[in-house]
Amino acid sequence: MTISAIGIDDVRASVDLALEELHDSLRKVNHEIWSNPELAFNEHRAHDTICDFLEKQGFAVTRHAYGLDTSFEALSGSGGRLINFNAEYDALPDIGHACGHNLIATSSIAAFLALSFALKKYGIPGRTQLLGTPAEENGGGKADLIEAGAYKGVDISLMAHSGPKKVFSDQGDAEGIAGTLMNARKKITCGFTGKSAHAGGNPWDGINALDALVSAYNNVSVLRQQILPEQRIHCAFTDVPKVANVIPEHTEAIWQVRSPSLKGLNGLVSKVRNCIQAGALATGCEVQIKE
Ligand SMILES: [Zn+2]
């Protein structure tokens, strides 16, 4: 049987009813994760809470799946296509679940349960997978899972990320982050080393690390005219001189470079790297770049 033969309204109504019965226990799982924030790759309590819950619902769960201590996998259905849902559950250092990964976990669990229920009730061919994806604030847990083959054979991969209600102040009723670009991102840190000298007495003996940093920043500003509208480059000066009477010997900055695809990002990163190196070359500083 196909969904269209059954009628989508009927499916919706029975799925709603099934989830309504799980409402309280899902809420408990959500609060358990929210109240006990755990950092990347250390989400042991969240892992156990979700696995216990799924087993209680009658699902076979693979704990510590794909070589990751805090990942898990649950599968249901047979035949047809495979639809994956991703449950994130790590938090941010010092602030806890600011990003709402507890909500991501709960919505993915609910979606997995709803689809499992519908596949079974209507006898539709198809499979669904719930994957515990640790370390999404920091560490890239999904990258490890992809490499370990966790998404092999997946036809559709889904997840919902919570966000502020209003992101675009100039677009009236637009809500959520549907219009926000999800770019690939790389981080570059750079440190310039020159030679200190007295700025009033013998500045000609110095090699100015602040000039190198400012030149690098300005080189990137010039580059901006030729980058794609979707690409982003942003920077913070993290180590700069606090006095004006010394030719500064050392400065540091971090950059974030973003582009829709990894390929485009790598091209942009090499241009930014050139801008940074040019700042060093122009001023005679040494530069250390970490990507
Ligand atoms: Zn997030």
Side-chain angles (χ1 to χ4, degrees), residues 15 19 22-23 26-43 45-47 49-51 53-54 65-66 68 70-74 82-116 128-147 150-151 154-171 173-187 230-232 234 256-262 265:
V15 161
L19 285 183
L22 291 165
H23 181 272
L26 281 169
R27 200 177 171 80
K28 237 189 236 162
V29 169
N30 184 46
H31 271 255
E32 176 72 19
I33 301 170
W34 162 260
S35 327
N36 300 285
E38 297 166 303
L39 299 184
F41 294 120
N42 285 299
E43 314 93 332
R45 193 161 172 167
H47 169 277
T49 301
I50 300 168
C51 290
F53 169 79
L54 289 168
Y66 298 100
L68 291 179
T70 51
S71 177
F72 67 85
E73 183 185 43
L82 176 58
I83 298 180
N84 148 280
F85 295 101
N86 300 285
E88 298 183 358
Y89 30 67
D90 65 323
L92 287 154
D94 303 326
I95 32 181
H97 276 290
C99 205
H101 287 190
N102 54 303
L103 297 169
I104 296 177
T106 311
S107 59
S108 282
I109 297 166
F112 169 79
L113 293 172
L115 185 55
S116 299
T128 178
Q129 172 200 45
L130 179 65
L131 206 56
T133 58
E136 279 308 322
E137 295 292 6
N138 219 334
K142 286 195 203 80
D144 291 342
L145 287 167
I146 287 169
E147 235 134 77
Y151 293 89
V154 167
D155 292 290
I156 300 170
S157 181
L158 295 168
M159 194 190 91
H161 198 300
S162 58
K165 225 176 163 194
K166 284 226 179 288
V167 178
F168 309 104
S169 53
D170 57 341
Q171 283 177 23
D173 289 335
E175 287 188 356
I177 58 163
T180 305
L181 212 56
M182 294 293 153
N183 270 344
R185 188 189 76 191
K186 272 193 180 177
K187 188 169 109 180
E230 301 83 19
Q231 294 181 321
R232 307 277 186 270
H234 26 113
Q256 288 187 347
V257 186
R258 301 174 195 244
S259 190
S261 73
L262 189 59
L265 180 62

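Note that the numbering runs from 1 along the sequence shown for the chain. Predicted, not measured: the structure shown is a model, and the values here were computed from it.
Rounding to the nearest 0.5 angstrom, the gap separating the CD1 atom in I50 from the CG atom in N30 is 10.0 Å. H234 NE2 to Q256 CD: the interatomic distance, rounded to the nearest 0.5 Å, is 5.0 Å. Interatomic distance, CG of N138 versus CG of L92, reported as 8.5 Å (0.5 Å rounding).
Side-chain N/O atoms of Q231 and S259 include a donor and acceptor closer than 3.5 Å.
The one candidate from D90, L39, N42, L68 that meets the side-chain contact (heavy atoms from CB on, under 4.5 Å) condition with P134 is L68.
When all heavy atoms of A160 and I104 are compared, the pair lying nearest together is O-CG1, 3.2 Å. Minimum interatomic distance between A87 and L130 (heavy atoms only, all atoms of both residues): CB-CD1, 4.2 Å. Closest of all the heavy-atom pairs between L262 and A184 is N-CB, 4.2 Å. Between C51 and F72, the closest heavy-atom pair is SG-CB, 3.6 Å. Shortest non-hydrogen contact noted between E73 and A65 is N-CB, 3.9 Å. When all heavy atoms of A91 and P37 are compared, the closest pair comes out as CB-CB, 3.5 Å.
No donor-acceptor pair closer than 3.5 Å links the side chain of E147 to the backbone N or O of L145. Between the side chain of N86 and the backbone N or O of M159, no donor-acceptor pair lies under 3.5 Å. Checked by atom type and distance alone, the side chain of E38 pairs as donor or acceptor with a backbone atom of A46 at under 3.5 Å. In this structure, T128 contributes its side chain and F112 its backbone to no donor-acceptor pair below 3.5 Å.
With contacts defined as side-chain heavy-atom distances shorter than 4.5 Å, the pair F53/L26 qualifies. When side chains are defined from C-beta on, L103 does not count as touching W34, because their heavy atoms never get closer than 4.5 Å. At least one side-chain heavy atom of E136 sits less than 4.5 Å from a side-chain heavy atom of K142. The side-chain heavy atoms of L82 and Q129, taken from C-beta on, include a pair separated by under 4.5 Å.
Crowding of D155 atom CG: a count of heavy atoms from other residues, nucleotides or ligands under 6.0 Å exceeding 12.
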Chi angles and distances behind the side-chain contact (heavy atoms from CB on, under 4.5 Å) call for N84, L131: CA-CA 7 Å; N84 148 280; L131 206 56; 3.7 Å; yes
F85 vs T133, side-chain contact (heavy atoms from CB on, under 4.5 Å): CA-CA, chis, key distance, verdict: CA-CA 10 Å; F85 295 101; T133 58; over 6 Å; no
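Applying the ring pair (Phe, Tyr, Trp, His ring centres under 6.0 Å) rule to pairs touching residues 87-109 yields H101-H161, sequence neighbours excluded.
Ion pair R258/E230 not flagged as a salt bridge, since none of the NZ, NE, NH1 or NH2 atoms sits closer than 4.0 Å to an Asp/Glu carboxylate oxygen. Looking at R45 and E32, a side-chain N of the basic residue comes within less than 4.0 Å of a carboxylate O on the acidic one, giving a salt bridge.
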